[in-house]
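Note that the coordinates shown come from a computational prediction; the quantities given were computed from them, not determined experimentally. Naming convention: chains lettered A, B, ... in sequence-line order (proteins, then strands); numbering from 1 in each chain.
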Number of protein chains: 2
Amino acid sequence: MATKTAASGIKARDGRSTREAILEAASRLIHVHGYNHTSLDDVLRESGVGKGNFYYHFKSKEELGYAILDQAIASFLAETLEPCFSDPGRRPLAQIRCFFDRVHEIQREQNCVGGCAFGNLAAELSDVHEGFRTRLAVVFSAWHERLTQALHEAHRRGDLHDGCRPEAVAHFLVASLEGAILLTKLTKDISVMEQCVTEMNRYLSLYELGA
Amino acid sequence: MATKTAASGIKARDGRSTREAILEAASRLIHVHGYNHTSLDDVLRESGVGKGNFYYHFKSKEELGYAILDQAIASFLAETLEPCFSDPGRRPLAQIRCFFDRVHEIQREQNCVGGCAFGNLAAELSDVHEGFRTRLAVVFSAWHERLTQALHEAHRRGDLHDGCRPEAVAHFLVASLEGAILLTKLTKDISVMEQCVTEMNRYLSLYELGA
DNA sequence: AGGTATGTACCGACTGGTTGGTACAAATGG
DNA sequence: CCATTTGTACCAACCAGTCGGTACATACCT
């Protein structure tokens, strides 16, 4: 018996999955309760990992925060942003509208709870923790850049009015989406999100040529 | 000497001003550090008030939070919102644009630090503290209502396109402003706010008649 | 093969400091 | 003199982080 490893009892953790269990529990808790208000003990209880073990895998709570953030950034870029903007079947402006819908859908899926993890952390930490502020600025900058790129591409194709300033429009779109998510989370009313997406589409049509 | 009262030494507090000193220090600290991450001891140190004294004036930290929020709501409505929207020298849409400028100015004044106190608290607490969520919903609802009212008034005057749905537009404007403030606070770049205000004005002009 | 050393993964008790909140006596003032 | 107002000492719970120790697989030495 017991051929080789402990062969998966009720826990079955090896180095790799322990780190992932911590990451999973922590990002879930921090998304809802914030960074400061999520204690290590909460994370440990939720993930079933002991304290000494935690400090074997992470050197501090701050480093855990960075790890979660880096993971969330990668997953946002790869699983939410890119799928919309690399769809070759849509023209750039349609890609942007598709992204609005995706954000709307996510808020509906999570029942208006949690909001945007990046927006929450930005509100909580940008003024008190420069390390987090910088990392958060990176996500928003990547997001902004993807929108700017799509707008430039639309202009190149002749879909966009000349009066459109892509960088300003992109900033406004990011801001509007973040604000809409926040307002939806506060009111717990998904129709707020719907209305905002409708108005964002109208705003975009302001610059659109040959619809 | 010492005629009657302590005659204003370095402290000079009576019942009224102690409460106000606590309120002032707490709202300043909470605006930047958030509710959970501002400790009573911080507030006490900053205001020079003793602990027993604090608990004479407030029955808990939670009640202090409510008091601060109520005070901030009243001051926002009276000193920021109303002045813009009760100006009889401007037409409703101009009042709205004036409000955009006011928000922009405030962010510039506070050097992109602090963001919106209500937005910050909404992000921090809407999912974990129903009491705060409800109170915060009240401010945003009042704000939303004031915008809706101005839009209806504009429509009555014939300044507004028929296709404009005031409630949806108002939600979008609130969301955009909140998002713009958040993004400005994160990037620490006031030009983000400028760009957003410019685009909001363009958006508004979508519905405007006879400019 | 058998003993020893090494690196990885893990645990739970403990520490020093902070938290929100209480007890209570002293001062203040009409 | 009695209400209000205040300062100080204190508490239990909680916080991030440390410590000593265990379990076990692999590598190394003779």
**Fill in**
With the side chain defined as heavy atoms from C-beta on, A:Tyr55 is closest, among D:dT6, D:dA16, C:dC10, to D:dA16
**Message:** If the condition is salt bridge (Lys or Arg N to Asp or Glu O under 4.0 Å), which residues does A:Glu130 pass it with, not counting sequence neighbours?
**Reply:** A:Arg133
**Item:** Close side-chain approach of A:His144 and A:Leu173, heavy atoms under 4.5 Å
**Value:** no
**Message:** Can you list, in residue-number order, the parts of residues 24-43 of chain B that come under 4.0 Å of DNA chain D, counting heavy atoms only?
**Reply:** none
**Message:** Just to verify, what does B:Glu153 make a salt bridge (Lys or Arg N to Asp or Glu O under 4.0 Å) with, not counting sequence neighbours?
**Reply:** B:Arg156, B:Arg157
**Request:** Take atom CZ of A:Phe58 and atom P of C:dC10, then tell me their distance rounded to the nearest Å.
**Result:** 12 Å
**Asked** At under 4.0 Å, does any side-chain N or O of B:Ser60 touch on OP1 or OP2 of C:dG20?
**Response** no
**Prompt:** To the nearest Å, how far apart are A:Leu64 CG and D:dC15 P?
**Reply:** 15 Å
**Message:** The side chain of B:Lys61 is closest to which nucleotide in this list: D:dT5, D:dT18, C:dG21?
**Reply:** C:dG21
**Prompt:** Can B:Lys188 and A:Asp127 be counted as an ion pair, charged N to O under 4.0 angstrom?
**Reply:** yes
**Item:** Interatomic distance, A:Phe54 CZ vs D:dT18 P [rounded to whole Å]
**Value:** 11 Å
**Item:** Nearest-Å distance for atom pair CZ/P, residues B:Arg19 and D:dT4
**Value:** 15 Å
**Asked** Partners of A:Glu82 by salt bridge (Lys or Arg N to Asp or Glu O under 4.0 Å), sequence neighbours excluded?
**Response** A:Arg146
**Request:** Round to the nearest Å and state the distance from A:Lys59 atom NZ to D:dC19 atom P.
**Result:** 15 Å
**Message:** Taking only side-chain N and O atoms of A:His57, does any of them lie within less than 4.0 angstrom of OP1 or OP2 on C:dT8?
**Reply:** no
**Message:** Nearest whole Å is fine: how far is D:dG17 P from A:Leu44 CG?
**Reply:** 12 Å
**Item:** Distance (rounded to the nearest 0.5 Å) between A:Glu194 CD and A:Asp189 CG
**Value:** 8.5 Å
**Request:** May I ask which nucleotide in the shown strands pairs with D:dA3, Watson-Crick or G-U wobble, both distances under 3.5 Å?
**Result:** none
**Message:** Holding to ring-ring contact (aromatic ring centres under 6.0 Å, His included), I want the full list of residues that pass it with A:His129, two or more places apart in sequence or in another chain.
**Reply:** A:Phe132
**Plane angle bin for B:Phe99 and B:Phe85 - parallel if under 30°, tilted between 30 and 60°, otherwise perpendicular** = tilted
**Asked** Do B:Glu199 and A:Arg165 sit within salt-bridge range, that is, some charged N less than 4.0 Å from a carboxylate O?
**Response** no
**Asked** Using purine N1 to pyrimidine N3 plus N6-O4 or O6-N4 for Watson-Crick, or N1-O2 and O6-N3 for G-U wobble, each under 3.5 Å, what pairs with D:dT18?
**Response** C:dA13
Might you list the N or O atoms of the protein lying below 3.5 Å from N or O atoms in nucleotides 8-12 of chain D, with each pair's distance?
from	atom 1	to	atom 2	distance (Å)
D:dT8	O4	B:Gly52	N	3.0

**Prompt:** Does B:Thr18 have a side-chain nitrogen or oxygen under 4.0 Å from the phosphate oxygens OP1 or OP2 of D:dT6?
**Reply:** yes
